[in-house]
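Structure record follows, encoded as C-alpha coordinates.
Both backbone and side-chain heavy atoms feed into the values below; hydrogens, waters and symmetry mates do not.
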Amino acid sequence: MSTAGQVIRCRAAVAWESGKPLSIEEVEVAPPQKDEVRIKILFTSLCHTDVYFWDAKGQNPLFPRILGHEAGGIVESVGEGVTDLKPGDHVLPIFTGECKECPHCLSEESNMCDLLRINTDRGEMINDGKSRFSINGKPIYHFLGTSTFSEYTVVHVGQVAKINPEAPLDKVCVLSCGMSTGFGATVNVAKPKKGQSVAIFGLGAVGLAAAEGARVSGASRIIGVDLNPSRFEQAKKFGVTEFVNPKDYNKPVQEAIVEMTGGGVDRSVECTGSIQAMISAFECVHDGWGVAVLVGVPNKDDAFKTHPVNLLNEKTVKGTFFGNYKPRSDIPAVVEKYMNKELELDKFITHTVPFSEINKAFELMLAGEGLRCVIRMDE
(Lines give C-alpha, C1' and ligand atoms only; values in the text may rest on other atoms or scores of the structure.)
Protein backbone atom coordinates (compact mmCIF):
# COMPACT_ATOMS: atom_id res chain seq x y z
CA MET A 1 0.00 0.00 0.00
CA SER A 2 1.41 3.37 -1.03
CA THR A 3 1.91 6.03 1.65
CA ALA A 4 2.42 8.80 -0.95
CA GLY A 5 0.33 11.87 -0.16
CA GLN A 6 -0.53 10.55 3.32
CA VAL A 7 0.68 11.70 6.71
CA ILE A 8 3.08 9.04 8.06
CA ARG A 9 3.24 8.26 11.77
CA CYS A 10 6.65 7.01 12.84
CA ARG A 11 9.27 7.17 15.58
CA ALA A 12 11.61 10.12 15.93
CA ALA A 13 14.12 11.11 18.60
CA VAL A 14 13.05 14.56 19.77
CA ALA A 15 15.29 17.04 21.60
CA TRP A 16 12.85 18.86 23.87
CA GLU A 17 15.42 21.07 25.56
CA SER A 18 19.12 21.85 25.61
CA GLY A 19 21.37 19.10 26.93
CA LYS A 20 18.54 16.74 27.98
CA PRO A 21 18.48 13.15 26.63
CA LEU A 22 16.52 12.71 23.39
CA SER A 23 13.06 11.21 23.74
CA ILE A 24 11.70 8.64 21.26
CA GLU A 25 8.23 9.88 20.28
CA GLU A 26 5.59 9.08 17.70
CA VAL A 27 5.59 11.99 15.26
CA GLU A 28 3.47 12.82 12.25
CA VAL A 29 5.43 13.49 9.06
CA ALA A 30 3.52 15.46 6.43
CA PRO A 31 3.81 14.62 2.72
CA PRO A 32 6.51 16.42 0.71
CA GLN A 33 5.47 19.73 -0.86
CA LYS A 34 6.82 21.38 -4.03
CA ASP A 35 10.53 20.53 -4.62
CA GLU A 36 10.62 18.25 -1.56
CA VAL A 37 11.32 14.55 -1.03
CA ARG A 38 10.19 12.29 1.80
CA ILE A 39 12.87 9.78 2.74
CA LYS A 40 12.76 6.60 4.82
CA ILE A 41 15.96 6.82 6.88
CA LEU A 42 17.65 3.43 7.34
CA PHE A 43 20.92 4.48 8.99
CA THR A 44 22.02 7.71 10.59
CA SER A 45 25.20 8.57 12.44
CA LEU A 46 26.01 11.09 15.11
CA CYS A 47 28.22 14.03 14.18
CA HIS A 48 29.75 16.53 16.61
CA THR A 49 27.57 19.28 15.08
CA ASP A 50 24.44 17.51 16.36
CA VAL A 51 25.89 17.51 19.88
CA TYR A 52 26.89 21.18 19.53
CA PHE A 53 23.31 22.28 18.73
CA TRP A 54 21.74 19.85 21.20
CA ASP A 55 23.92 21.34 23.94
CA ALA A 56 23.23 24.83 22.47
CA LYS A 57 25.79 26.62 24.64
CA GLY A 58 27.49 28.65 21.91
CA GLN A 59 24.42 28.82 19.64
CA ASN A 60 20.81 29.97 19.49
CA PRO A 61 18.66 27.31 21.18
CA LEU A 62 15.73 26.11 19.06
CA PHE A 63 13.53 23.41 20.61
CA PRO A 64 11.71 21.02 20.34
CA ARG A 65 13.79 19.82 17.43
CA ILE A 66 14.64 16.66 15.53
CA LEU A 67 18.42 16.65 15.07
CA GLY A 68 20.54 14.47 12.78
CA HIS A 69 22.17 15.17 9.42
CA GLU A 70 24.48 12.26 8.55
CA ALA A 71 22.36 9.51 7.06
CA GLY A 72 21.38 7.18 4.27
CA GLY A 73 17.91 6.16 3.15
CA ILE A 74 15.43 5.42 0.39
CA VAL A 75 13.01 7.86 -1.26
CA GLU A 76 9.44 7.11 -0.14
CA SER A 77 7.64 9.78 -2.18
CA VAL A 78 8.35 13.04 -4.01
CA GLY A 79 6.55 16.37 -4.12
CA GLU A 80 5.44 18.44 -7.10
CA GLY A 81 8.18 19.45 -9.52
CA VAL A 82 10.68 16.75 -8.48
CA THR A 83 11.88 15.00 -11.64
CA ASP A 84 15.36 13.64 -10.91
CA LEU A 85 14.34 11.43 -7.96
CA LYS A 86 11.70 8.75 -7.66
CA PRO A 87 10.43 6.38 -4.96
CA GLY A 88 12.95 3.60 -4.31
CA ASP A 89 16.06 5.67 -5.10
CA HIS A 90 18.92 5.29 -2.63
CA VAL A 91 19.99 8.68 -1.32
CA LEU A 92 22.10 10.62 1.16
CA PRO A 93 20.36 13.69 2.63
CA ILE A 94 22.91 16.50 3.01
CA PHE A 95 22.97 19.53 5.35
CA THR A 96 23.80 21.93 2.54
CA GLY A 97 22.31 22.05 -0.91
CA GLU A 98 22.73 22.64 -4.61
CA CYS A 99 19.86 24.39 -6.39
CA LYS A 100 21.83 24.22 -9.68
CA GLU A 101 20.63 27.72 -10.64
CA CYS A 102 22.28 30.38 -8.41
CA PRO A 103 25.66 32.05 -9.19
CA HIS A 104 27.40 29.75 -6.68
CA CYS A 105 25.95 26.57 -8.20
CA LEU A 106 26.83 27.79 -11.70
CA SER A 107 30.42 28.54 -10.61
CA GLU A 108 32.96 25.74 -10.85
CA GLU A 109 34.79 27.16 -7.84
CA SER A 110 32.02 27.30 -5.23
CA ASN A 111 29.65 24.93 -3.45
CA MET A 112 27.96 27.64 -1.34
CA CYS A 113 24.43 27.55 -2.79
CA ASP A 114 22.55 30.83 -2.26
CA LEU A 115 19.23 29.08 -1.70
CA LEU A 116 20.23 26.03 0.31
CA ARG A 117 23.50 26.69 2.10
CA ILE A 118 23.59 25.66 5.75
CA ASN A 119 21.31 27.67 8.04
CA THR A 120 21.50 26.45 11.63
CA ASP A 121 18.80 28.83 12.88
CA ARG A 122 16.07 27.78 10.43
CA GLY A 123 13.66 25.22 11.84
CA GLU A 124 11.15 25.11 8.98
CA MET A 125 11.09 24.19 5.29
CA ILE A 126 12.11 26.89 2.79
CA ASN A 127 9.05 26.39 0.60
CA ASP A 128 6.36 27.63 3.01
CA GLY A 129 8.12 28.36 6.32
CA LYS A 130 6.34 25.47 8.01
CA SER A 131 7.53 22.27 9.68
CA ARG A 132 6.69 18.85 8.23
CA PHE A 133 6.90 17.30 11.73
CA SER A 134 4.28 17.51 14.43
CA ILE A 135 3.13 15.80 17.63
CA ASN A 136 -0.61 16.19 18.38
CA GLY A 137 -0.72 19.14 16.01
CA LYS A 138 2.22 20.94 17.65
CA PRO A 139 5.08 21.61 15.19
CA ILE A 140 8.53 20.17 15.88
CA TYR A 141 11.47 22.08 14.35
CA HIS A 142 13.73 20.75 11.61
CA PHE A 143 17.55 20.79 11.82
CA LEU A 144 19.79 21.72 8.86
CA GLY A 145 16.95 20.80 6.50
CA THR A 146 17.61 17.09 7.14
CA SER A 147 16.42 15.94 10.62
CA THR A 148 17.55 12.35 10.17
CA PHE A 149 16.84 11.18 13.74
CA SER A 150 13.40 10.19 12.44
CA GLU A 151 12.27 7.06 10.59
CA TYR A 152 10.90 9.39 7.89
CA THR A 153 11.99 12.92 7.08
CA VAL A 154 11.22 15.57 4.46
CA VAL A 155 14.15 17.25 2.67
CA HIS A 156 14.42 19.82 -0.15
CA VAL A 157 15.33 18.03 -3.39
CA GLY A 158 18.47 20.19 -3.67
CA GLN A 159 19.79 18.59 -0.46
CA VAL A 160 19.52 15.00 -1.68
CA ALA A 161 22.35 13.10 -3.40
CA LYS A 162 21.18 10.09 -5.43
CA ILE A 163 23.73 7.30 -5.08
CA ASN A 164 24.56 3.84 -6.36
CA PRO A 165 21.88 1.45 -4.98
CA GLU A 166 24.60 -1.19 -4.48
CA ALA A 167 26.43 0.99 -1.95
CA PRO A 168 25.90 -0.18 1.66
CA LEU A 169 23.96 2.63 3.33
CA ASP A 170 25.28 1.68 6.79
CA LYS A 171 28.78 2.64 5.57
CA VAL A 172 28.30 5.44 3.03
CA CYS A 173 25.94 7.37 5.35
CA VAL A 174 29.07 8.90 6.94
CA LEU A 175 29.89 10.57 3.59
CA SER A 176 26.92 12.91 3.96
CA CYS A 177 28.89 15.14 6.34
CA GLY A 178 32.08 14.47 8.28
CA MET A 179 34.07 12.17 6.03
CA SER A 180 33.44 14.25 2.90
CA THR A 181 34.22 17.46 4.80
CA GLY A 182 37.65 16.26 5.94
CA PHE A 183 38.61 14.25 2.85
CA GLY A 184 37.55 17.05 0.49
CA ALA A 185 39.37 19.71 2.54
CA THR A 186 42.61 17.90 1.72
CA VAL A 187 42.08 16.61 -1.83
CA ASN A 188 39.99 19.51 -3.18
CA VAL A 189 41.37 22.51 -1.29
CA ALA A 190 44.81 21.86 0.27
CA LYS A 191 45.75 19.70 -2.75
CA PRO A 192 49.06 18.30 -1.46
CA LYS A 193 51.38 17.04 -4.16
CA LYS A 194 52.87 13.56 -3.98
CA GLY A 195 55.75 13.51 -1.49
CA GLN A 196 54.73 16.67 0.36
CA SER A 197 54.21 17.02 4.13
CA VAL A 198 50.81 17.69 5.70
CA ALA A 199 49.91 18.63 9.30
CA ILE A 200 46.42 17.75 10.53
CA PHE A 201 45.14 19.69 13.56
CA GLY A 202 42.52 17.66 15.47
CA LEU A 203 42.30 13.88 15.13
CA GLY A 204 38.55 13.42 15.48
CA ALA A 205 36.56 11.89 12.65
CA VAL A 206 36.87 14.93 10.35
CA GLY A 207 40.62 15.28 11.00
CA LEU A 208 41.18 11.60 10.29
CA ALA A 209 39.20 11.96 7.06
CA ALA A 210 41.57 14.82 6.18
CA ALA A 211 44.50 12.52 6.98
CA GLU A 212 42.96 9.86 4.72
CA GLY A 213 42.89 12.50 1.97
CA ALA A 214 46.58 13.20 2.55
CA ARG A 215 47.37 9.46 2.45
CA VAL A 216 45.44 9.00 -0.81
CA SER A 217 47.29 12.03 -2.25
CA GLY A 218 50.66 10.39 -1.54
CA ALA A 219 51.89 12.72 1.21
CA SER A 220 55.27 11.61 2.59
CA ARG A 221 54.76 12.91 6.15
CA ILE A 222 51.40 13.29 7.83
CA ILE A 223 51.79 14.97 11.20
CA GLY A 224 48.83 14.64 13.56
CA VAL A 225 48.37 17.39 16.15
CA ASP A 226 46.04 16.76 19.10
CA LEU A 227 45.85 17.47 22.82
CA ASN A 228 44.60 13.93 23.47
CA PRO A 229 47.40 11.36 23.08
CA SER A 230 44.92 8.46 23.25
CA ARG A 231 43.97 9.34 19.67
CA PHE A 232 47.45 8.73 18.29
CA GLU A 233 47.35 4.95 18.01
CA GLN A 234 44.09 4.93 16.08
CA ALA A 235 45.31 7.68 13.74
CA LYS A 236 48.04 5.41 12.35
CA LYS A 237 45.34 3.51 10.43
CA PHE A 238 44.58 6.73 8.55
CA GLY A 239 48.13 7.31 7.37
CA VAL A 240 49.34 9.60 10.17
CA THR A 241 53.11 9.06 10.46
CA GLU A 242 54.05 11.19 13.49
CA PHE A 243 52.36 12.98 16.36
CA VAL A 244 52.65 16.31 18.12
CA ASN A 245 50.90 17.18 21.37
CA PRO A 246 51.01 20.98 21.92
CA LYS A 247 51.10 20.35 25.70
CA ASP A 248 54.56 18.77 25.33
CA TYR A 249 56.20 22.08 24.31
CA ASN A 250 56.94 25.27 26.19
CA LYS A 251 56.62 27.26 22.96
CA PRO A 252 53.84 27.63 20.38
CA VAL A 253 53.30 24.33 18.58
CA GLN A 254 53.76 25.99 15.18
CA GLU A 255 57.37 26.77 16.09
CA ALA A 256 57.97 23.13 17.00
CA ILE A 257 56.49 21.98 13.67
CA VAL A 258 58.59 24.47 11.69
CA GLU A 259 61.70 23.12 13.44
CA MET A 260 60.91 19.44 12.94
CA THR A 261 60.17 19.96 9.24
CA GLY A 262 63.08 22.28 8.42
CA GLY A 263 60.97 25.33 7.59
CA GLY A 264 57.35 24.23 7.89
CA VAL A 265 54.90 21.77 6.36
CA ASP A 266 53.74 22.12 2.75
CA ARG A 267 50.06 21.91 3.72
CA SER A 268 48.01 21.98 6.91
CA VAL A 269 44.34 21.24 7.60
CA GLU A 270 42.69 22.50 10.81
CA CYS A 271 39.71 20.43 12.04
CA THR A 272 39.08 21.61 15.60
CA GLY A 273 37.24 24.94 15.58
CA SER A 274 39.80 26.30 18.07
CA ILE A 275 41.10 29.74 17.10
CA GLN A 276 44.51 28.86 18.54
CA ALA A 277 44.68 25.76 16.34
CA MET A 278 43.71 27.84 13.29
CA ILE A 279 46.54 30.30 13.95
CA SER A 280 49.01 27.45 14.53
CA ALA A 281 47.89 25.68 11.35
CA PHE A 282 48.50 28.84 9.32
CA GLU A 283 51.80 29.78 10.95
CA CYS A 284 53.29 26.26 10.67
CA VAL A 285 53.21 26.12 6.85
CA HIS A 286 56.32 26.79 4.76
CA ASP A 287 56.85 30.28 3.38
CA GLY A 288 56.76 30.65 -0.39
CA TRP A 289 54.19 27.90 -1.04
CA GLY A 290 52.56 26.69 2.19
CA VAL A 291 48.76 26.41 2.26
CA ALA A 292 46.64 26.15 5.41
CA VAL A 293 42.99 25.09 5.13
CA LEU A 294 40.51 25.87 7.92
CA VAL A 295 37.64 23.42 8.42
CA GLY A 296 36.59 23.73 12.09
CA VAL A 297 33.60 25.85 13.10
CA PRO A 298 34.57 28.65 15.52
CA ASN A 299 32.42 30.15 18.26
CA LYS A 300 30.44 33.14 17.08
CA ASP A 301 32.59 35.81 18.82
CA ASP A 302 36.00 34.44 17.78
CA ALA A 303 38.54 36.40 15.73
CA PHE A 304 41.60 35.17 13.86
CA LYS A 305 44.83 37.10 14.50
CA THR A 306 48.19 36.69 12.76
CA HIS A 307 50.94 39.02 11.60
CA PRO A 308 50.37 40.21 8.00
CA VAL A 309 54.02 39.42 7.23
CA ASN A 310 52.98 35.75 7.18
CA LEU A 311 50.86 36.54 4.13
CA LEU A 312 53.56 38.71 2.57
CA ASN A 313 55.90 35.71 2.92
CA GLU A 314 53.57 33.85 0.56
CA LYS A 315 51.80 31.62 3.02
CA THR A 316 48.16 31.06 2.04
CA VAL A 317 45.15 30.55 4.30
CA LYS A 318 41.93 29.16 2.84
CA GLY A 319 38.57 28.15 4.25
CA THR A 320 36.40 25.32 3.08
CA PHE A 321 32.83 24.24 3.54
CA PHE A 322 31.80 20.59 3.13
CA GLY A 323 35.14 19.81 1.49
CA ASN A 324 34.24 22.00 -1.50
CA TYR A 325 31.85 19.28 -2.74
CA LYS A 326 28.58 20.15 -4.46
CA PRO A 327 26.15 17.70 -2.87
CA ARG A 328 24.15 16.51 -5.88
CA SER A 329 26.90 16.72 -8.50
CA ASP A 330 29.92 15.45 -6.55
CA ILE A 331 28.88 13.15 -3.69
CA PRO A 332 27.72 10.25 -5.91
CA ALA A 333 31.31 10.06 -7.25
CA VAL A 334 32.73 10.01 -3.70
CA VAL A 335 30.48 7.02 -2.99
CA GLU A 336 31.98 5.37 -6.11
CA LYS A 337 35.47 5.94 -4.66
CA TYR A 338 34.38 3.83 -1.69
CA MET A 339 32.87 1.19 -4.01
CA ASN A 340 36.15 1.05 -5.99
CA LYS A 341 38.16 0.69 -2.74
CA GLU A 342 39.97 4.01 -3.35
CA LEU A 343 38.54 5.34 -0.07
CA GLU A 344 38.12 3.40 3.17
CA LEU A 345 35.10 4.09 5.37
CA ASP A 346 34.76 1.03 7.57
CA LYS A 347 37.56 2.15 9.89
CA PHE A 348 35.65 5.37 10.70
CA ILE A 349 32.68 3.42 12.06
CA THR A 350 33.65 2.33 15.55
CA HIS A 351 30.21 1.72 17.12
CA THR A 352 26.66 0.85 16.10
CA VAL A 353 23.54 1.16 18.28
CA PRO A 354 19.82 0.56 17.71
CA PHE A 355 17.61 3.65 17.34
CA SER A 356 16.01 2.92 20.73
CA GLU A 357 19.44 3.54 22.31
CA ILE A 358 20.33 6.73 20.41
CA ASN A 359 21.33 8.48 23.64
CA LYS A 360 24.18 5.98 23.96
CA ALA A 361 25.68 7.50 20.79
CA PHE A 362 25.68 10.89 22.53
CA GLU A 363 27.34 9.38 25.61
CA LEU A 364 30.10 7.83 23.47
CA MET A 365 30.80 11.12 21.70
CA LEU A 366 30.77 13.16 24.91
CA ALA A 367 33.24 10.68 26.43
CA GLY A 368 35.48 11.05 23.35
CA GLU A 369 35.15 7.34 22.56
CA GLY A 370 35.28 6.14 18.97
CA LEU A 371 34.84 8.08 15.76
CA ARG A 372 31.42 7.44 14.28
CA CYS A 373 28.50 5.66 15.86
CA VAL A 374 25.97 4.44 13.29
CA ILE A 375 22.36 4.22 14.48
CA ARG A 376 20.20 1.47 12.95
CA MET A 377 16.72 2.92 12.51
CA ASP A 378 14.85 -0.38 12.31
CA GLU A 379 15.64 -1.36 15.92
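- Residues Y249 and F243 do not share a hydrophobic cluster, defined by chaining ILVMFWY side chains whose heavy atoms lie under 4.5 Å apart.
- There is a side-chain donor-acceptor pair under 3.5 Å between D50 and H69.
- Side-chain contact between C373 and V353 is present, with heavy atoms from C-beta onward closer than 4.5 Å.
- The closest donor-acceptor contact from the side chain of N324 to the backbone of N188 lies at 3.5 Å or more, if one exists at all.
- V374 is listed as a side-chain neighbour of C173, based on a closest heavy-atom distance under 4.5 Å.
- Atom CG of N136 has 12 or fewer neighbouring heavy atoms from other residues, nucleotides or ligands inside a 6.0 Å radius.
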**OP:** Go through I24 and S356 one step at a time and tell me if the side-chain contact (heavy atoms from CB on, under 4.5 Å) criterion holds.
**Re:** CA-CA 7 Å; I24 305 272; S356 55; 5.5 Å; no
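- Judged as a side chain to side chain donor-acceptor pair (under 3.5 Å), and not counting sequence neighbours, N119 has no contacts.
- In this structure D346 satisfies the side chain to side chain donor-acceptor pair (under 3.5 Å) test together with Y338, sequence neighbours excluded.
- Side chains of S150 and S147 form no contact here, defined as non-hydrogen atoms less than 4.5 Å apart.
- For residues 308-317, every residue pair satisfying the side chain to side chain donor-acceptor pair (under 3.5 Å) rule, not counting sequence neighbours, is listed here: T306-N310.
- Remark: I375 CD1 to L46 CG distance equals 5.5 Å, nearest 0.5 Å.
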**OP:** Please lay out, stage by stage, how F43 and M377 fare under the test side-chain contact (heavy atoms from CB on, under 4.5 Å).
**Re:** CA-CA 6 Å; F43 299 94; M377 299 301 288; 5.8 Å; no
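- In this structure, E270 contributes its side chain and G296 its backbone to a donor-acceptor pair below 3.5 Å.
- The closest donor-acceptor contact from the side chain of W54 to the backbone of K20 lies under 3.5 Å.
- Scanning all heavy atoms of the two residues, the minimum distance from D114 to C102 falls at N-SG, 3.3 Å.
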Subject >> salt bridge (charged side-chain N to carboxylate O under 4.0 Å, His left out) between E98 and K326, intermediate numbers included >> reply: CA-CA 6 Å; E98 180 186 356; K326 293 182 192 273; 5.5 Å; no
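- Not one N or O on the side chain of S131 forms a donor-acceptor pair closer than 3.5 Å with the backbone of Y141.
- Judged purely by atom type and a 3.5 angstrom limit, S77 has no side-chain atom pairing as donor or acceptor with the backbone of A4.
- Going from atom CZ of F183 over to atom CZ of R215 covers 8.5 Å, rounded to the nearest 0.5 Å.
- Screening K138, R11, R9, R132 against E28 for a salt bridge (Lys or Arg N to Asp or Glu O under 4.0 Å) leaves a single residue, R9.
- I222 is listed as a side-chain neighbour of I200, based on a closest heavy-atom distance under 4.5 Å.
- Counting only heavy atoms from C-beta outward, the side chains of K130 and Q33 never approach each other to under 4.5 Å.
- Proximity of E336 to E342: side-chain heavy atoms (C-beta onward) are nowhere separated by under 4.5 Å.
- We find the CZ-OG1 distance between F321 and T181 to be 8.0 Å, quoted to the nearest 0.5 Å.
- Remark: the backbone N or O of S176 is not paired with any side-chain donor or acceptor of S180 at under 3.5 angstrom.
- Screening F133, F95, F149, F53 for a ring pair (Phe, Tyr, Trp, His ring centres under 6.0 Å) involving H142 leaves a single residue, F133.
- For N111, the side chain to side chain donor-acceptor pair (under 3.5 Å) criterion is met by no residue, not counting sequence neighbours.
- Between the side chains of W289 and Q196, no donor-acceptor pair is found at a separation under 3.5 Å.
- Using a 4.5 Å heavy-atom threshold, the side chains of C47 and R372 count as touching.
- G72 and L169 get closest at one heavy-atom pair: CA-CD2, 4.0 Å.
- Across every non-hydrogen atom of T261 and G264, the tightest pair is OG1-N, 2.9 Å.
- Here the CG-CD distance, from L115 to Q159, works out to 8.5 Å after rounding to the nearest 0.5 Å.
- One distance of note links CG of D55 with CG of L366; it measures 7.5 Å at 0.5 Å rounding.
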Subject >> side-chain contact (heavy atoms from CB on, under 4.5 Å) between L227 and N245, worked out >> reply: CA-CA 5 Å; L227 296 167; N245 185 338; 4.0 Å; yes
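- Applying the salt bridge (Lys or Arg N to Asp or Glu O under 4.0 Å) definition to pairs two or more places apart or across chains, those involving residues 347-362 are E212-K347, E344-K347.
- Looking only at distances, a side-chain donor or acceptor of S110 sits under 3.5 Å from a matching main-chain atom of M112.
- To the nearest 0.5 Å, atom SG of residue C284 and atom CD1 of residue I223 are 7.5 Å apart.
- A donor-acceptor pair is defined here as one N or O able to donate and one able to accept, closer than 3.5 Å; no such pair exists between the side chain of T272 and the backbone of G202.
- For S274 and Q276, the side-chain atoms include no donor-acceptor pair closer than 3.5 Å.
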Subject >> Step-by-step side-chain contact (heavy atoms from CB on, under 4.5 Å) determination, H48 to V206 >> reply: CA-CA 10 Å; H48 195 262; V206 175; over 6 Å; no
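- Between R328 and D84 the shortest side-chain heavy-atom distance falls below 4.5 Å.
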**OP:** Just do the side chain to side chain donor-acceptor pair (under 3.5 Å) check on E25 and S23 with the steps written out, would you?
**Re:** CA-CA 6 Å; E25 307 278 357; S23 167; 2.6 Å; yes
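- By the side chain to side chain donor-acceptor pair (under 3.5 Å) test, D89 pairs with K86, sequence neighbours left out.
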